[in-house]
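Data first, discussion second: the structure below is written as structure tokens.
Whatever order the structure lists ligands and atoms in, that order sets their numbers, starting from 1.
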Amino acid sequence: MSEPNVNGLWGRIIADELAKAGIETAVMAPGSRSTPLTVAISAHADIEAVSLLDERSAAFFALGYGKRTGRPAPLVCTSGTALANFHPAVIEADAARVPMVLLTADRPPELADSGANQTIDQEKFYGDSVRYYRKLPEPEAADRKLRSLRTALSRATETARGPNAGPVHLDAPFRKPLEPNADPDDAPEGVPDGTLPEGFETPTRPETAGRDGPYVDTVRGTGRLSTSDRQAITEAIRTAERGLIVCGPTDRPAPAGDALCALSQATGFPVVADPLSGHRFGPHTEAIDVCGGYDGYVSALETSPDVVLRFGASPTSKPLRNYLHSAGGRQFLVDPAGGWREATFTATDLVVADETRLATDLASDVDRDPDSYADRLTDAEAAYWSFVDGEEPAEGGIIADVARLAPDPSTVFVSNSMPVRDLDRFVRPRSASLSVYGNRGASGIDGITSSALGVGYGTDDPLVLAIGDLAYYHDMNGLLAIARAEVDATIVCLNNDGGGIFHLLPIEAHDSFESWFRTPHGLDFEHSADLYDLEFARTEGRDRFRELYTESLESDGTQVLEVSTDSERNHDDRRQLQRAVAERISSGDG
Ligand SMILES: Cc1ncc(C[n+]2csc(CCOP(=O)(O)OP(=O)(O)O)c2C)c(N)n1
Ligand SMILES: [Mg+2]
């Protein structure tokens, strides 16, 4: 085996260990210090490398891919400010538990604090946002160092995907020469011509361990509760007067669809499904009562549950969070990672268990009929949709069409601010397999386009992105991935010329509102489509939108469909509808 130099060997071992850990995709941003990583990873036969130019967009692209596939796409960048541009996506990956592997190149240690070019302190750069950090040793063809390197890679990739999935960071210092040129002065030690002795490129464990795969294999238990551990929950379910299951946002539906059906049927508890929970849409919506309109009507309900089983992160809907808070009672927060994602501090019990196993076990523990609360909730749900369908305010109507007309199956990414809220409020459960994603970990409006395109890169489904104009503006650089990663999308840009969401806040009444909060920009996004060679169409009408949207879904390439709306009118309509719904639901009509 021939290696041109020590850095080449080091880079190849890193790439090899990534591939053995099941990594299929990597995202690389250009730079010099990362040359050994870039050369080795891009040349690896089992890794598809995507080259993206702006680290902030690149990192969100990798985030999206990790959300859709559950596998990290390692991110490679050079030293200096480059790795700082990964940071927003690292924060989101941490908060939303998305697998992410950061491989940042660094200068050799003697250059720390020396004023050397492009040299910053990269030590623990992302702080507590990462699950695992290692500064890798300086490359050297020494057997123990190579074993240490492989071990670090195995542990890092496994940690990124564990039950508490999230970002991991390996900082990799390299000294010149960085390029894969044979260099007699830098050949791996003891092998001046670069020819490694037989067996040296190991230590690859499988040869001695009799198995394939990563250097270190990790086995984790499943987080299953025993019958006696489950007793408090089963007792609460049996004695509940009014029970409810709440599924909050999560990238992997938890519990899985079948287990959720079994749980709902055995307990008689209806399901309230966040649009990002993986349970608002899918065939199970025909088997059990899945409620999706709660954001619009829950505050008008006069009854509330006394036992709640909560899965996933905190729901997107503020009315729902408030409703659960005011309900009090016994609330079980199920979290396989033992985290706390419930900011009203109402949950009474933390259940650290695998959601699917727990739901399956509970379903065999209990057998309970639906109570009158279940009837009340499903009646309110039916009344809500029969009242609201077709009456949505302009932006909500577009979002309703986006989801209603999306093909089965399809993947939809929805931006923060009003799009995700409108999805929550105006999109009825559907039996079609819609996989819906958003960035609700830290709820930034940065990196949305890149995240969506990364999600699209991880699936063969048609991809739809629904995005507000400020979020679109924020990540126009992300559009480059359409060509570079060959992802097609239908991008629906709801252009209300600024941050429409601020109309929901009391600041709306202040003089500073327009200039400093809504911030109209007057940008013509058609130019952005021209720059990236995308098709572009603009409309104000819902009927025309439906035509454009359907055409786009049936055609190849990427279309940007801009829908112009008036956010002030939109919010007035939203308020009026809300009042009418409240009257209708609280009067029990329907
Ligand atoms: C990176 C980042 N900066 C600022 C914010 C605060 N913020 C929340 S929503 C919003 C406006 C978003 O506007 P747009 O995308 O057009 O959606 P709209 O409110 O019009 O629905 C802003 C600035 C944020 N969440 N993330
Ligand atoms: Mg806007």
query: Is Glu395 in polar range of ligand 1, meaning some N or O pair under 3.5 Å apart?
result: no
query = Under a 4.0 Å N-O cut-off, is there an ion pair linking Asp274 with Arg440?
reply = no
With a cutoff of 4.0 Å, is Tyr472 in contact with ligand 1, counting heavy atoms of the residue only? no
Looking only at non-hydrogen atoms, the one of Gly447, Ser417, Ala442 nearest atom 19 (O) of ligand 1 is Ser417
Could you check whether His503 and Phe513 have their ring centres less than 6.0 Å apart? yes
### Query
Salt bridge between Arg56 and Asp475, side-chain N to carboxylate O under 4.0 Å?
no
Tested for salt bridge (Lys or Arg N to Asp or Glu O under 4.0 Å) against Glu392, the lone hit among Arg425, Arg574, Arg542 is Arg542
Under 4.0 Å from one or more heavy atoms of Leu470, ligand 1 contributes atoms 11 (C), 12 (C), 13 (O), 14 (P), 15 (O), 16 (O)
Would you call the rings of Tyr549 and Phe545 parallel, tilted or perpendicular, taking 30° and 60° as the class edges?
parallel
Which of Val101, Leu75, Val90 passes side chain to side chain contact (heavy atoms under 4.5 Å, CB included) with Pro167? Answer is Val90
of all protein heavy atoms, closest to atom 4 (C) of ligand 1 is Ile445 CG1, 4.1 Å
The salt bridge (charged side-chain N to carboxylate O under 4.0 Å, His left out) partners of Asp573 (sequence neighbours excluded) come to none
If you count every protein N, O or S atom closer than 2.8 Å to the Mg ion (ligand 2), you should arrive at 3
May I ask you to check if ligand 1 and Pro419 share an N or O to N or O distance below 3.5 Å? no
Which of Asp389, Asp295, Asp401 passes salt bridge (Lys or Arg N to Asp or Glu O under 4.0 Å) with Arg428? Answer is Asp389
Counting heavy atoms under 4.0 Å, the part of Ser443 that contacts ligand 1 is backbone
Aromatic plane relationship, Trp340 with Phe345 - under 30° parallel, 30 to 60° tilted, over 60° perpendicular
parallel
Test your reading of the structure: does Ala471 have an N or O sitting under 3.5 Å from an N or O of ligand 1? yes
Whether Arg131 and Asp94 form a salt bridge (side-chain N of Lys/Arg under 4.0 Å from carboxylate O of Asp/Glu) is what I want to check.
yes
**Q.** Close approach, Gly498 and ligand 1, non-hydrogen under 4.0 angstrom
**A.** yes
- Query: Would you say Asn416 touches ligand 1, if touching means a heavy atom closer than 4.0 Å?
  - Reply: no
Closest heavy-atom approach to atom 20 (O) of ligand 1 among Gly500, Pro88, Ser415 is made by Gly500
For ligand 1 and Asp469, I'd like to know whether there is a polar contact (N/O to N/O, distance under 3.5 Å). yes
closest protein heavy atom to atom 21 (O) of ligand 1 is Met418 CB, 3.1 Å
message: Less than 6.0 angstrom separating the ring centers of His87 and Tyr126, yes or no?
response: yes
**Prompt:** When only distance counts, is Phe502 in polar contact with ligand 1, meaning an N/O pair under 3.5 Å?
**Reply:** no
Is the Tyr297-Tyr384 ring centre distance short of 6.0 angstrom?
yes
Honestly, for Asn496 the part within reach of ligand 1 (heavy atoms, under 4.0 Å) is side chain
Strictly inside 4.0 angstrom of atom 6 (C) of ligand 1, do you find any protein heavy atom? no
Exercise. Assess whether atom CH2 of Trp516 is packed by more than 12 heavy atoms of other residues, nucleotides or ligands within 6.0 Å.
Key: no
Numbered in order shown, the ligand 1 atoms found under 4.0 Å of a heavy atom of Gly468 are 14 (P), 15 (O), 16 (O), 17 (O)
Hey, does the side chain of Ser555 reach the backbone of Ser552 with a donor-acceptor pair shorter than 3.5 angstrom?
yes
Relative to the ring of His279, is the ring of His284 parallel (under 30°), tilted (30 to 60°) or perpendicular (over 60°)? perpendicular
Numbered in order shown, the ligand 1 atoms found under 4.0 Å of a heavy atom of Gly499 are 11 (C), 13 (O), 19 (O), 20 (O)
